[in-house]
Engineer: 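The structure is given below, and queries will be raised subsequently.
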Amino acid sequence: MKTRESGMPPEEMWQTFFDPLVALVRLGLTSECACVVDFGCGYGTFSVPAATMVRGVVHALDIDAEMVSATKAKGEEMHLDNLKAAVRDFVAVGSGLEDGSADYVMLFNILHAAESDVLLKEARRVLRRGGKLGVMHWNHDPSTPRGPSMAIRPKPEQCMRMVEEAGFEMSPLIDFPPFHYGFVGIAR
């Protein structure tokens with residue numbers, strides 16, 4: 001399943017939008033995580049820093065082979081043996097991970113996907129009870145420099161409702177200026 005066009009900016013621009021380590025900490029990632037999953041890893045913007053933070057494995061999954069290659073290359077350059085990047089259509093065939101095997105799942109800038117309910121179901125399936133789901137998305141603001149079209153871009157309350165309905169308890173909304181918001185869901 002290729003997601004709907006996300007308006008992914010070039011990597012040089014993308015890197016200016018975040019401090020990935022700060023964002024990961026604010027979204028509840030801790031060093032104790034034994035299994036982390038990044039659904040739609042893109043350039044590895046968050047999965048590579050996550051692999052430097054955690055004691056366990058980071059599974060970086062994406063349907064785009066070029067993105068997976070870029071993520072793998074960064075992990076190899078940094079000698080991150082715990083980063084496992086793979087091409088995978090995780091909506092169509094799942095992540096390949098066992099039920100309840102993950103401590104943390106990242107859904108960053110992906111909940112505009114046409115089958116976001118299937119994606120959330122897979123995220124909940126792989127998370128252990130009490131595991132954390134980090135969500136980040138583009139602000140619902142047409143002045144953002146990139147991002148999915150406003151027609152498919154979910155508002156924060158829509159994302160939170162989808163995540164809650166998928167079996168998660170919600171944290172308060174977190175602002176990630178200049179263009180994003182996020183929150184944490186705890187698997188029930």
Side-chain angles (χ1 to χ4, degrees), residues 14-15 17-62 67-68 70-88 90-91 93-111 113 116 118-137 156 159-160 162-177 180-188:
W14 185 243
Q15 292 173 339
F17 296 162
F18 309 102
D19 181 333
L21 288 172
V22 170
L24 289 166
V25 169
R26 289 185 70 201
L27 288 169
L29 184 67
T30 65
S31 61
E32 292 79 35
C33 290
C35 180
V36 176
V37 186
D38 186 358
F39 286 106
C41 67
Y43 301 117
T45 305
F46 294 98
S47 50
V48 171
T52 69
M53 290 177 62
V54 302
R55 65 177 170 86
V57 175
V58 175
H59 298 276
L61 309 176
D62 205 297
M67 293 291 170
V68 171
T71 300
K72 279 183 181 179
K74 290 174 189 162
E76 289 168 2
E77 182 179 310
M78 295 177 68
H79 306 288
L80 296 172
D81 296 331
N82 64 334
L83 180 65
K84 309 297 180 197
V87 176
R88 185 122 184 142
F90 43 78
V91 172
V93 299
S95 63
L97 299 170
E98 293 186 23
D99 293 358
S101 60
D103 300 302
Y104 191 92
V105 167
M106 292 182 242
L107 294 181
F108 294 173
N109 300 300
I110 196 168
L111 284 178
S116 57
V118 176
L119 177 56
L120 283 162
K121 185 177 180 181
E122 178 64 5
R124 177 60 194 94
R125 184 190 69 76
V126 301
L127 272 169
R128 65 172 173 76
R129 185 179 176 95
K132 295 177 185 173
L133 175 71
V135 175
M136 181 185 288
H137 214 291
C159 276
M160 294 181 89
M162 288 188 294
V163 170
E164 188 172 31
E165 289 172 358
F168 295 89
E169 294 178 26
M170 307 305 299
S171 77
L173 203 60
I174 302 167
D175 188 30
F176 289 104
H180 291 81
Y181 63 89
F183 57 91
V184 178
I186 307 297
R188 293 186 278 217

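Values in this document were obtained by computation on a predicted structure and should not be read as measured data. Because only heavy atoms are used, hydrogens play no part in the values below, and waters and symmetry mates are left out as well, while side chains stay in.
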Engineer: If you compare all heavy atoms of A60 against all heavy atoms of L83, which two are closest, and at what distance to 0.1 Å?
Structural biologist: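 Distance-wise, the nearest heavy atoms are CB-CD1, 4.1 Å.
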
Engineer: Please list, one pair per line, the donor and acceptor atoms closer than 3.5 Å that link side chains of residues 48-59 to other protein atoms, with sequence neighbours excluded.
Structural biologist:
residue, atom, partner, partner atom, Å
T52, OG1, P49, O, 2.5
R55, NE, E32, O, 3.0
R55, NH2, E32, O, 2.9

Engineer: F39 pairs by ring-ring contact (aromatic ring centres under 6.0 Å, His included) with which of F46, F90, Y104?
Structural biologist: F90

Engineer: Using 30° and 60° as the class boundaries, would you call the ring planes of Y181 and H137 parallel, tilted or perpendicular?
Structural biologist: parallel

Engineer: So that I can tick it off, tell me whether D103 and K132 are bridged by a salt bridge, with the cut-off set at under 4.0 angstrom between side-chain N and carboxylate O.
Structural biologist: no

Engineer: Got V37 and L97 here, is their nearest side-chain heavy-atom distance under 4.5 Å?
Structural biologist: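 Side chain of V37 against side chain of L97, heavy atoms only: contact under 4.5 Å found.
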
Engineer: Should the ring pair H180 and F18 be called parallel, tilted or perpendicular, given that the plane angle runs from 0 to 90° and is split at 30 and 60?
Structural biologist: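 Rings of H180 and F18: tilted, as their planes differ by 30° to 60°.
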
Engineer: Give me the atom names and distance for the closest heavy-atom approach of L120 to A166.
Structural biologist: CB-CB, 3.8 Å

Engineer: Closest approach of E164 and M170, non-hydrogen atoms and distance?
Structural biologist: N-SD, 3.8 Å

Engineer: Enter the distance from F176:CZ to M136:CE here, rounded to the nearest 0.5 Å.
Structural biologist: 4.0 Å

Engineer: Counting only N and O atoms by type, is there a donor-acceptor contact under 3.5 Å from the side chain of R124 to the main-chain atoms of L133?
Structural biologist: no

Engineer: Given V135, which partner from the list V184, V163, L173 fulfils the side-chain contact (heavy atoms from CB on, under 4.5 Å) test?
Structural biologist: V163

Engineer: Under a 4.5 Å cut-off applied to non-hydrogen side-chain atoms, are T45 and F108 in contact?
Structural biologist: no

Engineer: Looking at every non-hydrogen atom in both residues, tell me the closest pair between V105 and A123 and how far apart they are.
Structural biologist: CG1-CB, 3.9 Å

Engineer: Roughly how far, to the nearest 0.5 Å, is CG of L61 from OG of S47?
Structural biologist: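 Those atoms lie 9.0 Å apart.
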
Engineer: Does a salt bridge link E122 with R125, judged by any charged N lying under 4.0 Å from a carboxylate O?
Structural biologist: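 Yes.
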
Engineer: Report the distance from atom CG of L27 to atom CG of L107, rounding to the nearest 0.5 Å.
Structural biologist: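 Atom-to-atom, L27:CG and L107:CG are 11.0 Å apart.
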
Engineer: Measuring from C41:SG to R88:CZ, what's the distance to the nearest 0.5 Å?
Structural biologist: 13.5 Å

Engineer: How close do A86 and V68 get, counting heavy atoms only, and between which atoms?
Structural biologist: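 So the minimum-distance heavy-atom pair works out to O-CG2, 3.5 Å.
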
Engineer: Which pair of non-hydrogen atoms, one from K74 and one from Y43, has the smallest distance, and what is that distance?
Structural biologist: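 The pair with the smallest heavy-atom distance is NZ-O, 2.5 Å.
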
Engineer: Looking only at atom types and distance, does a side-chain atom of S116 sit under 3.5 Å from a main-chain N or O of I110, one as donor and one as acceptor?
Structural biologist: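 Here the side-chain-to-backbone pair does not exist.
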
Engineer: Report the distance from atom CG of L24 to atom CG of D19, rounding to the nearest 0.5 Å.
Structural biologist: 9.0 Å

